[in-house]
A.B. asks: 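Okay, handing you the structure first.
Hydrogens, waters and symmetry mates play no part in the numbers below; they use all other heavy atoms, side chains included. Sequential numbering from 1 along the given sequence is applied to the chain's residues.
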Amino acid sequence: MHHHAPLQILQEVFGYGAFRGAQADIVDHMVSGGDALVLMPTGGGKSLCYQVPAISRHRQGRGVAVVVSPLIALMHDQVGALEEAGVHAAFLNSTLSSEQAAHVEREMMSGRLVMLYAAPERITNPRFLAQLDSLNERGLLSLFAIDEAHCVSQWGHDFRSEYLSLSLLHERYPDVPRIALTATADDLTRADIIERLKLEDSRVFISSFDRPNIRYAIVEKDKPREQLLRFIRDEHEDEAGVVYCQSRKKVEETAAWLEAEGMKALPYHAGLDAAVRQRHQDRFLREDGIVMVATIAFGMGIDKPDVRFVAHLDLPKNIESYYQETGRAGRDGAPANAWMAYGLADVVNQRRMIDESPAEEEFKQGQRGKLDALLALAEATDCRRVRLLSYFGEASSACGNCDNCLSPPATWDGTEAARKLLSCIYRFHQNGGQRFGAGHLIDVLRGKVTDKVTQYGHQSLSTWGVGASLPEQQWRAVLRQLIALGHVVSEGEYHTLALADSARAVLKGEVQLLLRVPSVTRGKATRGAPGKSSGSKAAPIDLDFEAQQRFEALKTWRAEVAKEHGLPAYVIFQNVTLAEMARLHPQSLDELAGISGVGAKKLEAYGREILRVLESEAQG
């Protein structure tokens, strides 16, 4: 087998026995010089799709592969991981001194460098393009990889204008193969990526979007902070997680509150000083058990494999964002949770953000459609995963590992309640053309006497008190559904309610509304991974007592090595690999080499130390 054969590179450099899913086809296609668009969920092994071809082509004398990535932190860790595996890699970004940058450029121009990571604005810089021209003339440009390719699309969830100029790679270097990669793209975004990057002739590879190890749960807000705290304490004590909030203010308040409750929580948002952001991100990557409370500014390229949960305290914009954000959990394949709490205000706020944005009407319609799909997912009483995957065009059957599958919610027929609610809004309007918000509407339906009811004489309305038998929370659910389905419109800064044209069909009883019974009191028993050990951190596979001790010893050793090298621990070895070492207790370098994730360079660098750690643990 040639030293540049992909499978040999996978085994020798990365220590993996076989490619997964579409990886083998993608790699062969790239090695032979084809263009590709790869849609592969986070944690599916995207980076190997260009790293293996880059190494293979470099060994065939084709020089350097250029990887376009928008993320400085990610470049640093990916390059560290490659150098650990014995692959010569470097990055060019604003964090380097001019001496460091000059050194990287020399390595690149000599053809010694296998992979260069660079931000999109670097790629289009005239001086850098001149260097690429020179490499190209000498046949030393092996391939271009464009990571996070959805950044090129205005329909994507993370548009970056500097990505638009990347089409020049095709125009300028038509013979250099290109691979564009993204972890999420619906049809609209996909078509946009192909058009803007001029990938019309490329092969498209689509992997399954299913992440079976993630358990999805969506709950209705009822004191959301306490719900969050209960969720973390019950299921993720001392584990790493991310909590997403909409605003910077809420991020800071939530982090401070979790901190006061005894958790290691850090805030992260674009308004913080860059040095503080960097420090918090480094701690999250390098320490155990940190909870990062963040806006969506945090996340792209968070390559940490052992994030055990992602929690949303506010509704994301659309299903792509939800998928992308929840996909940061459980990249190591071990069980992880995606938990979200949402309420009426979320629905109203997201609608208002769309309505008030200065965008074209066509774009707004697209955004509303995407929000509707997310609301349908949140309100669903059937399998979450089936709905999520069908949004990405993938058919599946009930998963047995989401909240609705594990404890199916009771439903009730809200058709009559919806008719009462709509006719109440109609009566307000008839009665002097006034408009009111949710609070007052529900007071009138429940027959409460308040100053406002008296002021407007609303106790004389025919709808006053017709809903006294339903609790306030149930009315909120009905209203949320009606707004989610677009039958009621919430307008202006006071969120006053008006009927949409489609409300007529509901009023006539032609639309059936099946609603979930509020699940607030369903408590702790229905959730939680079975058999999760308290106290010591559970390994990603079941270990007996001795093996668990070996696992802890290996983690302690890994932490020291990582600190010495200034890298996150998982770059040295992932937990899954350490757990396998602990379980199999190898006695020789040969046995150690057989463990998944142990490549040749790491065996040489760490093999004897690992055997020594395992040995001393056995004697201890």
Side-chain angles (χ1 to χ4, degrees), residues 1-16 19 23-36 38 45-69 74-93 100-119 122-123 128-147 169-170 172-181 202 571 599-605:
M1 205 166 163
H2 299 302
H3 79 300
H4 55 71
L7 192 59
Q8 188 178 343
I9 291 170
L10 184 72
Q11 290 166 346
E12 168 218 327
V13 178
F14 298 99
Y16 297 123
F19 285 110
Q23 282 177 337
D25 290 346
I26 297 166
V27 168
D28 286 341
H29 183 66
M30 288 303 299
V31 169
S32 60
D35 289 345
V38 173
K46 277 200 322 230
S47 49
L48 287 176
C49 294
Y50 58 83
Q51 289 175 347
V52 173
I55 297 166
S56 172
R57 289 174 72 87
H58 185 266
R59 289 179 176 183
Q60 295 170 50
R62 293 177 190 256
V64 67
V66 178
V67 183
V68 186
S69 165
L74 179 62
M75 291 182 198
H76 176 267
D77 289 349
Q78 289 242 359
V79 164
L82 286 164
E83 289 281 347
E84 276 290 317
V87 178
H88 191 20
F91 56 77
L92 278 178
N93 63 36
Q100 289 170 315
H103 173 71
V104 169
E105 285 170 358
R106 280 196 301 278
E107 289 300 287
M108 169 175 91
M109 297 312 286
S110 70
R112 283 194 294 271
L113 200 60
V114 181
M115 257 175 277
L116 176 80
Y117 284 74
R122 170 79 55 158
I123 306 281
F128 187 74
L129 282 172
Q131 292 173 324
L132 290 185
D133 288 346
S134 152
L135 283 168
N136 191 44
E137 279 152 26
R138 294 181 286 146
L140 290 179
L141 258 185
S142 76
L143 63 90
F144 289 109
I146 300 167
D147 207 1
L169 296 177
H170 179 56
R172 202 162 173 137
Y173 313 110
D175 301 330
V176 179
R178 291 170 306 146
I179 177 172
L181 310 102
S202 74
V571 166
K601 167 95 192 291
K602 289 187 179 179
L603 186 69
E604 184 191 339

A.B. asks: Is it the case that more than 12 heavy atoms not belonging to Glu604 sit under 6.0 Å from its CD atom?
C.D. replies: no

A.B. asks: For Asp35, is there any backbone N or O sitting under 3.5 Å from a side-chain donor or acceptor partner on His29?
C.D. replies: yes

A.B. asks: Distance check, rounded to the nearest 0.5 Å: Leu129 atom CG versus Asn136 atom CG?
C.D. replies: 11.0 Å

A.B. asks: Distance from Leu135 atom CG to Met109 atom CE, nearest 0.5 Å?
C.D. replies: 4.5 Å

A.B. asks: With Tyr117, which residues qualify under ring-ring contact (aromatic ring centres under 6.0 Å, His included), at least two apart?
C.D. replies: none

A.B. asks: Determine whether Leu10 and Val27 make a side-chain contact, defined as any pair of heavy atoms from C-beta on separated by less than 4.5 Å.
C.D. replies: no

A.B. asks: To the closest 0.5 Å, what do you measure between CG (Leu141) and CG (Leu116)?
C.D. replies: 10.0 Å

A.B. asks: Checking the side chain of Arg57 only, and the main-chain atoms of Val31 only, is there a donor and an acceptor separated by less than 3.5 Å?
C.D. replies: yes

A.B. asks: Nearest 0.5 angstrom please: Ile55 CD1 to His88 NE2, how far?
C.D. replies: 13.0 Å

A.B. asks: Heavy-atom distance under 4.5 Å between the side chains of Met115 and Val79, does that happen here?
C.D. replies: no

A.B. asks: Keeping the roles fixed (side chain from Lys601, backbone from Leu82), state whether a donor-acceptor pair exists under 3.5 Å.
C.D. replies: no

A.B. asks: Using side-chain heavy atoms (C-beta onward) and a distance below 4.5 Å, is Met75 in contact with Asn93?
C.D. replies: yes

A.B. asks: What pair of heavy atoms forms the shortest contact from Gly34 to Pro177, and how long is it?
C.D. replies: O-CB, 3.5 Å

A.B. asks: Just to verify, what does Tyr173 make a ring-ring contact (aromatic ring centres under 6.0 Å, His included) with, not counting sequence neighbours?
C.D. replies: Phe144

A.B. asks: If you look at every heavy atom in Ala145 and Leu143, which pair is closest and at what distance?
C.D. replies: N-CD1, 4.0 Å

A.B. asks: Please report the closest heavy-atom contact between Leu92 and Phe128, naming both atoms and the distance.
C.D. replies: CD1-CE1, 3.7 Å

A.B. asks: Please report the closest heavy-atom contact between His2 and Gln8, naming both atoms and the distance.
C.D. replies: O-OE1, 2.8 Å

A.B. asks: So Leu7 and Phe19, do their side chains get closer than 4.5 Å, heavy atoms only?
C.D. replies: yes

A.B. asks: Which atom pair, heavy atoms only, marks the closest approach of Asp147 to Lys46?
C.D. replies: OD1-CE, 3.8 Å

A.B. asks: What's the spacing between Phe14 CZ and Lys602 NZ if we round to 0.5 Å?
C.D. replies: 9.5 Å

A.B. asks: Find the distance between CZ (Arg122) and OG (Ser69) and round it off to the nearest 0.5 Å.
C.D. replies: 13.5 Å

A.B. asks: Can you tell which of Pro6, Cys49, Pro53 makes a side chain to side chain contact (heavy atoms under 4.5 Å, CB included) with Met30?
C.D. replies: Pro53

A.B. asks: Scan Gln60, His58, Arg59 and name whichever one has a side-chain hydrogen bond (donor to acceptor under 3.5 Å, both in side chains) with Ser56.
C.D. replies: Gln60

A.B. asks: Is a side-chain donor or acceptor of Gln23 paired with a backbone partner of Leu48 at a separation under 3.5 angstrom?
C.D. replies: no

